[in-house]
Amino acid sequence: MGPRYAMVRPETGMTIREAALEELRREVDPYGGKASDFVIHHASGSIAGMRGLAADTAGLAKDKYPPNRLASRLIGALGGPDRYWFGGVAICGYHPGNEGEPLLCGLSDSQCHLITQVYSALYEEA
């Protein structure tokens, strides 16, 4: 399998999955484009942070990538960018690399628990 990550789709909601990073990028952008990552929660020392991944062209190709209100609310509640997201958005862990580039990794048990709890609270409100 691979590292754990949370996938938030506008059609089906959130699931915690395991997959290799390349599979994760393909799931975020099934149309073969590029997926960019962004900070949700900064890493601190040896504790992994959280990053999101979204398709680069999702905001421009709204016919292919439906609005993702659940991801927008979840990412904002977790401390990430307060903006509108389109299409599938993934949340994974990361460590700062030697040259400042983030090294993506799987979510820890506590990160999965936090994401699940926040998502459940937001979903109950919706």
Side-chain angles (χ1 to χ4, degrees):
M1 293 299 278
R4 285 183 299 179
Y5 65 92
M7 186 69 192
V8 187
R9 295 201 165 282
E11 310 89 4
T12 58
M14 187 196 76
T15 57
I16 303 288
R17 300 209 27 212
E18 291 184 18
L21 183 57
E22 285 310 309
E23 183 181 336
L24 168 61
R25 289 186 186 281
R26 281 192 302 275
E27 190 170 351
V28 167
D29 192 349
Y31 299 102
K34 292 181 69 179
S36 295
D37 59 296
F38 55 91
V39 174
I40 295 174
H41 189 268
H42 287 281
S44 177
S46 63
I47 299 177
M50 288 188 283
R51 293 184 82 84
L53 283 95
D56 284 349
T57 59
L60 301 174
K62 295 174 186 159
D63 56 323
K64 292 182 179 179
Y65 304 92
N68 194 335
R69 291 174 184 88
L70 291 171
S72 298
R73 293 180 70 204
L74 177 62
I75 290 166
L78 292 169
D82 184 20
R83 60 163 278 192
Y84 211 63
W85 298 99
F86 295 87
V89 179
I91 301 172
C92 61
Y94 87 98
H95 291 284
N98 292 337
E99 297 178 22
E101 288 294 316
L103 300 173
L104 300 180
C105 63
L107 294 167
S108 68
D109 289 341
S110 59
Q111 288 171 327
C112 286
H113 181 73
L114 173 66
I115 292 167
T116 301
Q117 292 298 311
V118 171
Y119 178 80
S120 294
L122 292 172
Y123 188 74
E124 289 173 8
E125 289 177 12

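In this text, all values refer to a predicted model and were calculated from it rather than measured experimentally.
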TODO: Report yes or no: does Tyr94 contribute a side-chain atom to a donor-acceptor pair with the main-chain N or O of Ala43 at less than 3.5 Å?
DONE: yes
Task: Ser108 side chain vs Gln111 backbone, donor-acceptor pair below 3.5 Å - done: yes
Open item on the list: Determine whether Arg69 and Tyr84 satisfy the following criterion, side chain to side chain contact (heavy atoms under 4.5 Å, CB included), listing intermediate values before the conclusion.
Closed with: CA-CA 7 Å; Arg69 291 174 184 88; Tyr84 211 63; 3.1 Å; yes
Quick one, [X] and [Y] - any side-chain contact, counting heavy atoms below 4.5 Å?
X	Y	value
Leu104	Leu53	yes
Tyr5	Glu27	yes
Pro81	Ile75	yes
Thr15	Arg9	no
Met14	Leu122	no

Open item on the list: So, taking the atom named CG in Leu107 and the one named CZ in Arg4, what distance separates them when rounded to the nearest 0.5 Å?
Closed with: 7.0 Å
Open item on the list: My understanding is that only residues two or more places apart in sequence, or in another chain, count here; which of them pass side chain to side chain contact (heavy atoms under 4.5 Å, CB included) with Tyr31?
Closed with: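 Counting only residues at least two positions away or on another chain, Tyr31 forms a side chain to side chain contact (heavy atoms under 4.5 Å, CB included) with Asp29, Lys64, Tyr65.
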- [ ] Show the numbers, then the answer: is there a side chain to side chain contact (heavy atoms under 4.5 Å, CB included) between Val28 and Met7?
- [x] CA-CA 8 Å; Val28 167; Met7 186 69 192; 4.3 Å; yes
- [ ] Only pairs at least two apart or in different chains count here, so list each salt bridge (charged side-chain N to carboxylate O under 4.0 Å, His left out) that has a residue in residues 37-47.
- [x] Asp37-Arg51
- [ ] Apply the side-chain contact (heavy atoms from CB on, under 4.5 Å) test between Tyr119 and each candidate in Ile91, Leu74, Leu114, Ile16; give the one that qualifies.
- [x] Leu74
Would you name the heavy atoms of [X] and [Y] that are closest together and state the gap between them?
X	Y	answer
Val89	Trp85	CG2-CB, 3.9 Å
Asn68	Gly88	ND2-CA, 4.2 Å
Gly13	Leu70	CA-CD1, 3.9 Å
Ile115	Ala6	CG2-CB, 4.1 Å
Leu24	Ala90	CD1-CB, 3.2 Å
Cys105	Cys92	O-CB, 3.6 Å

Task: Same apolar cluster: Leu60 and Phe38, side chain cutoff 4.5 Å - done: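 Shared cluster, no.
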TODO: Check whether Ile47 and Met50 end up in the same hydrophobic cluster, where Ile, Leu, Val, Met, Phe, Trp and Tyr are linked by side-chain heavy atoms less than 4.5 Å apart.
DONE: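 Different hydrophobic clusters.
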Open item on the list: Can you confirm whether more than 12 heavy atoms, excluding those of Glu101, are under 6.0 Å from its CD atom?
Closed with: no
